[in-house]
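Position 1 is the first residue of the sequence; numbering continues from there. Values reported hereafter were calculated over all heavy atoms of this structure, with side chains retained and with hydrogens, waters and symmetry mates removed. Fair warning: this is a prediction, and the values are worked out from it, not measured in the lab.
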Amino acid sequence: PIPDLLYTQGVILIRAGEFQQAITSLQGAIEEGDSAVRRFHLAQAFAGNKDRDAARFHLKEAERMKLNERSLDEREISSYRSLKSELDQN
């Protein structure tokens, strides 16, 4: 399915530091099927792209959709904590 491929591509692009491309891929995935985890990764991409307002918005949307540490893969919990801390500081 295309949304899953776009989502996977977005996560890979975040790890590669290609944040603008990641945003485009993740937005495409969300248009086809929104989820808390997809919003979390979109928030990461916006934070990496230095758009803190958009990052905050998408993280709040993810949490509204019931994202929490229990809903993440244990490898992503530290990223979630770091993102929350970074966005709470400013």
Side-chain angles (χ1 to χ4, degrees):
I2 299 294
D4 292 339
L5 293 174
L6 288 170
Y7 167 68
T8 301
Q9 180 182 44
V11 172
I12 291 167
L13 289 165
I14 289 169
R15 292 187 181 138
E18 299 291 336
F19 301 112
Q20 187 57 52
Q21 291 176 328
I23 290 166
T24 301
S25 294
L26 291 165
Q27 286 175 327
I30 287 169
E31 285 176 14
E32 297 296 322
D34 206 353
S35 76
V37 173
R38 288 179 181 180
R39 290 283 181 154
F40 163 64
H41 286 110
L42 184 56
Q44 282 185 308
F46 274 115
N49 208 39
K50 308 292 188 225
D51 188 341
R52 299 173 69 77
D53 291 336
R56 274 192 202 94
F57 172 81
H58 289 287
L59 184 60
K60 285 182 183 180
E61 282 297 298
E63 291 173 335
R64 185 187 61 75
M65 298 169 85
K66 308 296 185 216
L67 180 80
N68 58 47
E69 290 184 11
R70 290 185 303 265
S71 60
L72 290 169
D73 183 278
E74 71 181 53
R75 294 170 293 182
E76 294 185 309
I77 292 172
S78 64
S79 296
Y80 174 68
R81 289 176 181 164
S82 294
L83 182 62
K84 281 185 65 77
S85 176
E86 175 187 336
L87 296 177
D88 286 345
Q89 288 179 1
N90 292 319

Please say yes or no: joined through hydrophobic side-chain contacts below 4.5 Å, possibly via intermediate residues, are Val11 and Met65 part of one cluster?
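Different clusters.
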
Taking the side chain as every heavy atom from C-beta outward, state whether [X] and [Y] have any atom pair closer than 4.5 Å.
X	Y	answer
Val37	Tyr7	yes
Gln44	His58	no
Leu59	Arg39	no

For [X], give me all partners under salt bridge (charged side-chain N to carboxylate O under 4.0 Å, His left out), at least two apart in sequence or on another chain.
X	value
Glu32	none
Arg75	Asp73
Arg64	Glu61
Lys60	none

All N/O donor-acceptor pairs, side-chain side in residues 12-24, below 3.5 Å, sequence neighbours left out:
| residue | atom | partner | partner atom | Å |
| --- | --- | --- | --- | --- |
| Gln20 | OE1 | Asn49 | ND2 | 3.0 |
| Thr24 | OG1 | Gln20 | O | 3.3 |

Using the test ring-ring contact (aromatic ring centres under 6.0 Å, His included), find all partners of Tyr80 that sit at least two apart in sequence or belong to another chain.
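Scan of Tyr80 (ring-ring contact (aromatic ring centres under 6.0 Å, His included), adjacent residues dropped) gives Phe40.
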
What pairs of residues pass the salt bridge (charged side-chain N to carboxylate O under 4.0 Å, His left out) test when at least one of them lies in residues 3-13, not counting sequence neighbours?
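As it turns out, the salt bridge (charged side-chain N to carboxylate O under 4.0 Å, His left out) pairs with a partner in residues 3-13, which skip direct neighbours, are Asp4-Arg38.
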
In chain order, what residues pass the side chain to side chain contact (heavy atoms under 4.5 Å, CB included) check against Ser71, with sequence neighbours excluded?
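Partners of Ser71 by the side chain to side chain contact (heavy atoms under 4.5 Å, CB included) criterion, ordered by chain and then number, come out as Leu67, Asn68.
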
Determine, for Arg52 against Glu86, whether the closest basic-nitrogen to carboxylate-oxygen distance falls under 4.0 angstrom.
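Yes, charged N to carboxylate O under 4.0 Å.
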
Restricting to side-chain hydrogen bond (donor to acceptor under 3.5 Å, both in side chains), what partner residues turn up for Glu76, sequence neighbours left out?
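With neighbours one apart ignored, the set is His41.
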
